[in-house]
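Encoded as structure tokens, the structure appears first; notes follow it.
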2 protein chains.
Amino acid sequence: MCAFSATPISKILRQAGRRATPQRVLILETLCENGDHLNANEIYSLARRKAPCLSLSTVYRTIDVLKEVGVIEELHLSGECRRYEIKGEGHHHMICRGCGKVIEFKCPFSEGLIHDLGEKYDFEITGAHLDLRGYCAECRQKMSG
Amino acid sequence: MCAFSATPISKILRQAGRRATPQRVLILETLCENGDHLNANEIYSLARRKAPCLSLSTVYRTIDVLKEVGVIEELHLSGECRRYEIKGEGHHHMICRGCGKVIEFKCPFSEGLIHDLGEKYDFEITGAHLDLRGYCAECRQKMSG
DNA sequence: GTATGTGCAAAGGTTTTGCCCCAAC
DNA sequence: GTTGGGGCAAAACCTTTGCACATAC
């Protein structure tokens with residue numbers, strides 16, 4: 001289920017020279033168990049159910065650490081605040097301009113294309129995000145109806 | 001030069017039922033003349049050179065209006081705040097993880113692909129953003145050197 | 001003339017920071 | 001025992017809002 005479960009997070013953290021604290025483990029578990037696309041405040045609220053003393057600043061600091069060790073990734077899905085997801089195989093997002101719903105889809109555009117772009121601009125590409133905006137079926141119906 | 005110059009902004013605004021105020025024209029000119037990827041505060045500082053009384057809230061409100069009438073577009077290039085650019089032909093961004101430099105490139109991946117994705121997920125796609133992250137030539141040199 | 005837009009100041013929400021104590025190593 | 005990490009509160013930021021006045025139409 002969790003993308004990181006093959007290597008426990010404690011190990012990943014220690015290998016990166018960071019300490020494996022219960023807060024860090026909890027925050028990552030929270031992201032795993034409650035689905036992706038959570039923002040800092042949502043992670044905070046959910047995690048506090050298990051650890052009522054957790055502070056919001058710890059959530060932010062942990063997010064930084066988890067980003068740094070490459071376990072999670074920051075998303076900018078819509079105009080609002082930052083959201084996070086566990087780093088997995090490249091998938092991308094369709095965001096409905098009507099209701100805000102996010103549909104994930106697997107990377108369909110060729111590795112070759114990205115490789116060519118890297119060559120052309122002398123740029124070593126380490127990640128690709130394709131965001132599509134538009135209207136989902138329900139919103140289109142509402143609008144036409 | 002400016003993408004909107006074919007139709008003056010005043011006309012676009014009026015056609016959308018909004019008033020064409022000097023502030024709105026100035027803010028769009030500022031984006032045009034100073035290049036894209038500006039954030040609200042940068043637009044504010046630059047525009048105030050010509051109109052010292054301009055307020056930051058007007059910049060934010062104007063950004064909303066210009067987005068609404070489809071003249072500019074919001075970008076989420078990096079972790080920081082929102083940036084804006086004049087809406088033109090679809091181009092995408094390579095963002096250097098080292099120095100933050102942004103390279104623009106034209107949409108090279110097939111319209112067909114996007115069309116197929118829309119069909120598959122029953123989603124009417126109105127816009128596509130491809131963001132590539134990685135390292136530019138200079139940063140790679142610095143890192144290896 | 002009227003409704004929409006602006007400036008100002010204040011509020012709101014998100015994210016960061018300083019400081020001191022605590023716990024992972 | 002050290003050093004990095006956490007909690008708390010305050011600050012810093014970015015963005016939005018309320019209100020009274022101004023101005024585009």
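Naming convention: chains lettered A, B, ... in sequence-line order (proteins, then strands); numbering from 1 in each chain.
One atom, CD1 of A/Ile27, and another, P of C/dT15, lie 14 Å apart when rounded to the nearest Å. Separating the OH atom of B/Tyr60 from the C1' atom of C/dG12 is a distance of 13 Å, rounded to the nearest angstrom. The OH atom of B/Tyr84 sits 12 Å away from the P atom of D/dC14 (whole-angstrom rounding). Atom-to-atom, CG of B/Asp64 to P of D/dT15 comes out at 11 Å; the value is rounded to the nearest Å. Taking atom CZ of B/Arg83 as the reference point, atom P of D/dT15 lies 10 Å away to the nearest angstrom. Between the CG atom of A/Leu38 and the P atom of C/dT14 there is a distance of 14 Å, given to the nearest Å. Atoms CD (B/Gln15) and C1' (D/dC25) sit 15 Å apart, rounded to a whole Å. The interatomic distance linking B/Glu74 (CD) with D/dC14 (P) rounds to 15 Å, in whole Å.
Five base pairs at each end of the helix from C/dG1-D/dC25 to C/dC25-D/dG1 define two local axes, and these are offset by 40° (rounded to 10°).
A heavy-atom distance below 4.5 Å is found between the side chains of B/Glu42 and B/Arg83.
Annotation: A/His37 is in aromatic contact with A/His93 [ring centroid separation under 6.0 Å].
Comment: B/Lys50 engages B/Glu33 in a salt bridge, judged by a side-chain N to carboxylate O separation of less than 4.0 angstrom.
Residue A/Arg82 has no polar side-chain atom (N or O) positioned under 4.0 Å from OP1 or OP2 of C/dT14. A/Arg24 has a side-chain polar atom (N or O) that falls below the 4.0 Å cut-off from OP1 or OP2 of D/dG6. The phosphate of C/dT6 has neither OP1 nor OP2 within less than 4.0 Å of any side-chain N or O from B/Arg61. Distances shown here put every side-chain N or O of B/Gln23 at or beyond 4.0 Å from the OP1 or OP2 atom of D/dA24. One finds no side-chain N or O of A/Thr21 lying less than 4.0 angstrom from the OP1 or OP2 phosphate oxygen of C/dA24.
The side chain of A/Arg14 lies closest to C/dC25, out of C/dC25, C/dT6, D/dT15. The side chain of A/Arg19 lies closest to D/dT2, out of D/dG6, D/dT2, C/dC8. Considering only the side chain of A/Ser55, D/dC8 comes nearest among D/dC8, C/dT16, C/dC25. Looking at the side chain of A/Ser57, the nearest of the listed nucleotides D/dG6, C/dG7, C/dT16 is C/dT16.
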Derivation and outcome, salt bridge (Lys or Arg N to Asp or Glu O under 4.0 Å), residues A/Glu74 and A/Lys67: CA-CA 8 Å; A/Glu74 191 172 296; A/Lys67 272 198 293 184; 2.6 Å; yes
Evaluation steps, side chain to side chain contact (heavy atoms under 4.5 Å, CB included), between B/Asn39 and B/Ile43: CA-CA 6 Å; B/Asn39 63 28; B/Ile43 296 172; over 6 Å; no
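Classification of the A/His129-A/His92 ring pair by plane angle, with boundaries at 30° and 60°, yields perpendicular.
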Return a table of donor-acceptor pairs under 3.5 angstrom between the side chains of residues 9-26 of chain A and protein atoms on other chains or two or more places apart.
unit_1: A/Arg18; atom_1: NH1; unit_2: A/Glu68; atom_2: OE2; d: 3.1
unit_1: A/Thr21; atom_1: OG1; unit_2: A/Arg24; atom_2: N; d: 3.3
unit_1: A/Arg24; atom_1: NH1; unit_2: A/Arg19; atom_2: O; d: 2.7

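Evaluation of the salt bridge (charged side-chain N to carboxylate O under 4.0 Å, His left out) rule for A/Arg61 yields no partner, not counting sequence neighbours.
Between B/Val59 and A/Leu56, the residue whose closest nucleotide on DNA chain C is further toward the 5' end is B/Val59. In terms of position on DNA chain D, the residue among B/Ser10 and B/Asn41 whose nearest nucleotide sits closer to the 5' end is B/Asn41.
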